[in-house]
Amino acid sequence: MRLILLGAPGAGKGTQAQFITETWGIPQISTGDMLRAAVKAQTELGIAAKAVMDAGGLVSDDIIIGLVKERIKQPDCANGFLFDGFPRTIPQAEAMVDAGVDIDHVVEIAVQDEEIVARLSGRRVHPASGRVYHVLHNPPQREGLDDESGEPLVQRDDDKEETIRKRLQVYQEQTRPLVQFYQSMTGPRAPACHRVEGVGSVEDIRRKVFAALGR
């Protein structure tokens with residue numbers, strides 16, 4: 001099971017990724033994790049990536065693809081892997097095809113932008129404990145205050161509506177086109193593409209994702 005999970009920030013990819021990796025016994029691979037591991041291990045690619053990051057630059061697609069190829073050769077990827085937040089752009093997807101990295105399934109968890117804005121902008125956090133509330137779906141007993149400590153809750157900067165809309169715009173412009181890219185692939189290397197509506201309970205969405213993957 002070699003899988004790419006697509007969906008806008010706040011679509012619920014992280015929760016579903018956990019279900020998939022546990023059920024199929026495959027690792028969840030993110031570019032951030034790969035970069036940190038390569039830098040820590042001081043691999044050739046890790047050293048190159050660190051130099052770019054230290055200079056404040058963006059790590060090139062060539063380095064990222066090299067890291068991906070290294071990572072999927074490791075023993076825990078013998079039964080497959082789940083890419084989380086990668087590829088982000090068409091050039092990255094094309095580079096993966098060129099590098100011979102085949103994918104079995106592409107699953108898009110689709111949620112309307114306005115639903116995502118409502119989900120994320122309603123989140124409130126207790127900074128000291130990390131407890132998370134939602135003004136509509138999981139409100140604290142007293143408005144604006146943590147249930148256990150009574151301390152004020154805060155809205156994180158990346159949960160503010162303006163920030164969310166910017167992130168959604170980047171997703172729609174850069175990453176959502178990957179859906180069309182994979183749907184238009186033909187031949188034996190073309191992945192099976194699935195669209196799952198990311199609304200309803202977590203369990204409902206899990207069932208739809210698993211059904212798409214034939215489980």
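In what follows, residues are counted from 1 in the order of the sequence shown. For the numbers below, each heavy atom of this structure counts, side chains included, while hydrogens, waters and symmetry mates do not.
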Using atom types as modelled and distance alone, determine if a side-chain donor or acceptor of [X] lies under 3.5 Å from a backbone N or O of [Y].
X	Y	value
T21	P27	no
R123	V132	no
K208	E197	yes
Y171	G7	yes
K50	V39	no
E115	V111	no
Q155	S121	yes

[X] versus [Y], closest heavy-atom pair with distance:
X	Y	answer
A49	L35	CB-CD2, 3.6 Å
C77	I29	SG-CD1, 3.9 Å
L6	K13	C-CD, 3.6 Å
P127	V154	CG-CG2, 3.7 Å
I26	N79	CG2-O, 3.5 Å
E203	R206	OE2-NH2, 2.7 Å

Considering residues at least two apart in sequence or located in another chain, which fulfil the ring pair (Phe, Tyr, Trp, His ring centres under 6.0 Å) criterion with H105? H194
Can you sort out the partners of F19 under ring pair (Phe, Tyr, Trp, His ring centres under 6.0 Å), two or more places apart, ordered by chain and number? none
Kindly write out the residues that satisfy side chain to side chain contact (heavy atoms under 4.5 Å, CB included) with P152, not counting sequence neighbours, or none if the list is empty. none
Got a sec, which residues hit side chain to side chain contact (heavy atoms under 4.5 Å, CB included) with D33, two or more places apart in sequence or on another chain? S30, R36
Hydrophobic cluster of Y133, others only, ordered by chain and residue number, side-chain cut-off 4.5 Å: L153
To the nearest 0.5 Å, what is the distance between OG1 (T23) and CZ (F210)? 3.5 Å
Could you please spell out the steps behind the side-chain contact (heavy atoms from CB on, under 4.5 Å) verdict for E148 and S129? CA-CA 10 Å; E148 293 189 26; S129 68; over 6 Å; no
Is it the case that over 12 heavy atoms from other parts of the model lie below 6.0 angstrom from the CD atom of E44? no
R131 atom CZ, neighbour heavy-atom count above 12 within 6.0 Å: yes
Considering the options R165, K160, K166, which one meets the salt bridge (Lys or Arg N to Asp or Glu O under 4.0 Å) requirement together with E162? K166
Would you mind checking if R71 and D76 are paired as a salt bridge, meaning a charged N to carboxylate O distance below 4.0 Å? yes
Can L120 and T163 be said to form a side-chain contact (heavy atoms from CB on, under 4.5 Å), step by step? CA-CA 10 Å; L120 299 186; T163 308; over 6 Å; no
List in chain and number order the residues that pass salt bridge (Lys or Arg N to Asp or Glu O under 4.0 Å) with D147, two or more places apart in sequence or in another chain; answer none if no residue qualifies. none
side-chain contact (heavy atoms from CB on, under 4.5 Å) with I103: which of R189, M96, M185? M96
